[in-house]
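Below: one structure, written as structure tokens.
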Amino acid sequence: MTRTSGWVDETYQGVVRTGFRLKKRLFKAKSPFQIVEVVETAGHGRLLLIDGMTMVSERDEFVYHEMIAHVPLFLHPRPRRVLVIGGGDGGTVREVLRHATVERCVLVEIDGMVVAASKKYIPQTASALSSRRAVVRIEDGVKFVRETSERFDVVLVDSTEPFGPAKELFGTAFYKDVRRILTERGIVVSQAGSPFYELGTIKNLTKILKTVFPVTDAYLFNNLTYPGGLWAFSYASKGIHPVRHFNSARVKSARLPLRWYNAEIHVGAFALPEFLRKAVGR
Ligand code: SAM
């Protein structure tokens with residue numbers, strides 16, 4: 001991340017730059033894994049940045065967090081146990097805990113500094129981590145899924161990009177372990193990146209998921225703060241199709257106080273542009 005006077009600039013892949021007007025720097029430190037930073041901006045609230053990349057902005061985080069959580073949770077017949085890998089800002093856990101059926105949501109975040117900084121500076125997302133239904137483990141998600149004896153109905157991989165500590169979260173061994181810990185109707189959704197800037201990552205991830213799960217797909221959302229604004233999640237399950245098995249009445253009757261996700265958005269998110277349809281082999 002570069003800082004021109006009064007601005008926080010994120011340069012992505014050396015080809016695109018996004019700038020946010022800076023009001024105040026609140027926190028910056030190097031953890032054993034990465035540089036963690038929180039800044040106050042003029043137009044997007046507080047931003048959490050990791051290694052100079054924008055992870056969360058108070059202004060639009062609801063989009064990402066509602067889409068990673070509610071798409072699989074409104075597809076699984078009765079989600080009781082949910083695992084979140086990464087997601088130390090707490091936004092995904094907040095959305096998961098909106099579902100009354102969820103008895104236990106385990107968050108496995110490798111970097112305790114992300115959780116601590118989010119709790120102190122971004123309570124909008126992190127306050128959910130103090131819920132009695134939330135369990136926070138500071139641990140490598142790859143090791144957790146390899147060793148745990150717990151079973152989960154839904155696994156959400158809310159990670160950073162496929163390098164550094166997150167590299168193995170985009171690998172075959174990890175997804176074979178995810179399959180092992182998913183219950184019979186289990187679903188896994190993962191942050192997959194930009195269809196424009198990371199089509200290769202999405203292709204590779206889909207190829208891996210196809211070797212491990214009978215049902216695979218991808219879905220889209222737009223936000224303000226990720227490079228290019230268009231972003232994708234990968235979807236895989238032991239049998240639930242993300243559109244054919246979707247019951248929109250469940251969303252309507254749940255009456256959750258959401259700001260982005262609804263039944264139309266759910267179905268629309270799986271309407272993919274041609275280049276992405278081909279990339280995910282649909
Ligand atoms: N929404 C953001 C995005 O799409 O870029 C991700 C937000 S979340 C803060 C990403 C988290 O994944 C980071 O806090 C990072 O420490 C965590 N992470 C990366 N690799 C991990 C691993 N192997 N196990 C657990 N957490 C990991």
Side-chain angles (χ1 to χ4, degrees), residues 1 10 12-13 18 27 29-38 46-69 83-96 106-119 121-122 124-126 128-129 135-148 155-171 173-175 177-178 189-195 197-198 201-202 205 219-234 260:
M1 177 183 59
E10 174 183 346
Y12 191 69
Q13 297 184 351
T18 316
F27 173 83
K30 187 165 181 4
S31 79
F33 306 98
Q34 52 215 356
I35 295 172
V36 179
E37 185 157 5
V38 181
R46 293 183 173 185
L47 294 188
L48 168 69
L49 299 111
I50 290 180
D51 289 340
M53 289 187 283
T54 308
M55 296 287 127
V56 167
S57 100
E58 287 180 321
R59 176 146 184 200
D60 70 349
E61 55 81 10
F62 65 95
V63 181
Y64 175 97
H65 291 128
E66 289 186 15
M67 291 303 281
I68 193 172
L83 172 63
V84 179
I85 305 275
D89 55 270
T92 298
V93 170
R94 180 194 65 207
E95 295 306 318
V96 168
V106 177
L107 177 102
V108 179
E109 163 60 62
I110 200 167
D111 191 342
M113 186 183 284
V114 173
V115 174
S118 301
K119 278 187 171 174
Y121 298 104
I122 313 181
Q124 174 176 318
T125 55
L129 298 177
V135 176
V136 178
R137 297 176 65 116
I138 304 303
E139 186 182 341
D140 182 353
V142 175
K143 180 172 174 293
F144 179 82
V145 296
R146 193 169 54 235
E147 296 173 357
T148 186
V155 173
L156 305 175
V157 185
D158 180 2
S159 79
T160 37
E161 316 270 306
F163 44 77
K167 191 166 185 311
E168 286 180 67
L169 297 176
F170 291 77
F174 171 73
Y175 281 100
D177 287 331
V178 167
V189 162
S190 311
Q191 189 279 110
S194 159
Y197 297 116
E198 292 180 82
T201 301
I202 297 173
L205 187 50
Y219 62 99
L220 294 171
F221 69 94
N222 293 85
N223 76 359
L224 286 176
T225 46
Y226 289 172
L230 183 68
W231 219 251
F233 289 111
S234 67
W260 183 268

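Atoms within a ligand are numbered from 1 in the order they appear, just like the ligands themselves. Positions are given from 1 along the sequence. Excluded from the calculations below are hydrogen atoms, water molecules and symmetry mates; all remaining heavy atoms, backbone and side chain alike, are included.
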* **Thr54 and Glu10 side chains, donor-acceptor separation under 3.5 Å** => yes
* Which of the atoms of ligand 1 are close to Gly86, meaning less than 4.0 Å from one of its heavy atoms? -> 11 (C), 12 (O), 17 (C), 25 (C), 26 (N)
* Structure fact -> Of all protein heavy atoms, the one nearest atom 24 (N) of ligand 1 is Gly141 N, 2.8 Å
* Asp111, Thr225, Asp158: member with heavy atom nearest to atom 7 (C) of ligand 1 -> Asp158
* Asked: Which atoms of ligand 1 sit under 4.0 Å from any heavy atom of Leu169?
  -> 20 (N), 21 (C), 22 (C), 23 (N)
* Asked: For the rings on Phe233 and Tyr64, is their centre-to-centre separation under 6.0 Å?
  -> yes
* To do: Would you tell me whether Tyr226 and Gln191 have side-chain atoms, one donor and one acceptor, within less than 3.5 Å of each other?
  => no
* Would you mind running through ligand 1 and noting each atom that sits below 4.0 Å from a heavy atom of Asp140? => 22 (C), 23 (N), 24 (N)
* Do the side chains of Leu47 and Ile122 get nearer than 4.5 Å, heavy atoms only? -> no
* Structure fact -> Among non-hydrogen protein atoms, atom 15 (C) of ligand 1 lies closest to Glu109 OE2, 3.4 Å
* Asked: Is the closest heavy-atom distance from Tyr64 to ligand 1 below 4.0 Å?
  -> yes
* **ligand 1-proximal atoms of Ile110, by part, heavy-atom distance under 4.0 Å** => both
* To do: Could you walk me through whether Glu95 and Met67 pass the side-chain contact (heavy atoms from CB on, under 4.5 Å) test, one step at a time?
  => CA-CA 9 Å; Glu95 295 306 318; Met67 291 303 281; over 6 Å; no
* Asked: With a cut-off of 4.0 Å, which atoms of ligand 1 are near a heavy atom of Ile50?
  -> 13 (C), 14 (O)
* Do the side chains of His65 and Asp89 get nearer than 4.5 Å, heavy atoms only? -> yes
* Would you mind listing which atoms of ligand 1 come within a distance below 4.0 Å of any non-hydrogen atom of Val108? => 25 (C), 26 (N)
* Asked: Which of the atoms in ligand 1, numbered in the order shown and given with their element, are less than 4.0 Å from a heavy-atom of Met55?
  -> 1 (N), 2 (C), 5 (O), 6 (C), 7 (C)
* Any side-chain heavy-atom pair from Ile50 and Val114 closer than 4.5 angstrom? -> yes
* Compute whether any side-chain donor of one residue and acceptor of the other, for Ser190 and Tyr175, lie under 3.5 angstrom apart. => yes
* Does ligand 1 have a heavy atom under 4.0 Å from the side chain of Gln191, from its backbone, from both, or from neither? -> side chain
* Asked: For atom 3 (C) of ligand 1, which protein heavy atom lies nearest, and how many Å away is it?
  -> Tyr226 OH, 3.4 Å
* Name the closest protein heavy atom to atom 19 (C) of ligand 1, giving the residue it belongs to and the distance to 0.1 Å. => Thr160 OG1, 3.3 Å
* To do: Assess whether side-chain contact (heavy atoms from CB on, under 4.5 Å) is satisfied between Phe221 and Ile68, documenting all intermediate values.
  => CA-CA 10 Å; Phe221 69 94; Ile68 193 172; over 6 Å; no
* **Element-labelled atoms of ligand 1 that are located less than 4.0 Å from some non-hydrogen atom of Asp89** => 7 (C), 8 (S), 9 (C)
* **Gln34 and ligand 1 - part of the residue with a heavy-atom distance under 4.0 Å** => side chain
* Asked: Is the backbone of Ile85 close enough, under 3.5 Å, to the side chain of Asp158 for a donor and an acceptor to pair up by distance?
  -> no
* To do: Check the pair Val36, Gln34 against side-chain contact (heavy atoms from CB on, under 4.5 Å), reporting the backbone distance first and the verdict last.
  => CA-CA 6 Å; Val36 179; Gln34 52 215 356; 4.1 Å; yes
* Near Ala166, which atoms of ligand 1 are under 4.0 Å from a heavy atom of that residue? -> 19 (C), 20 (N)
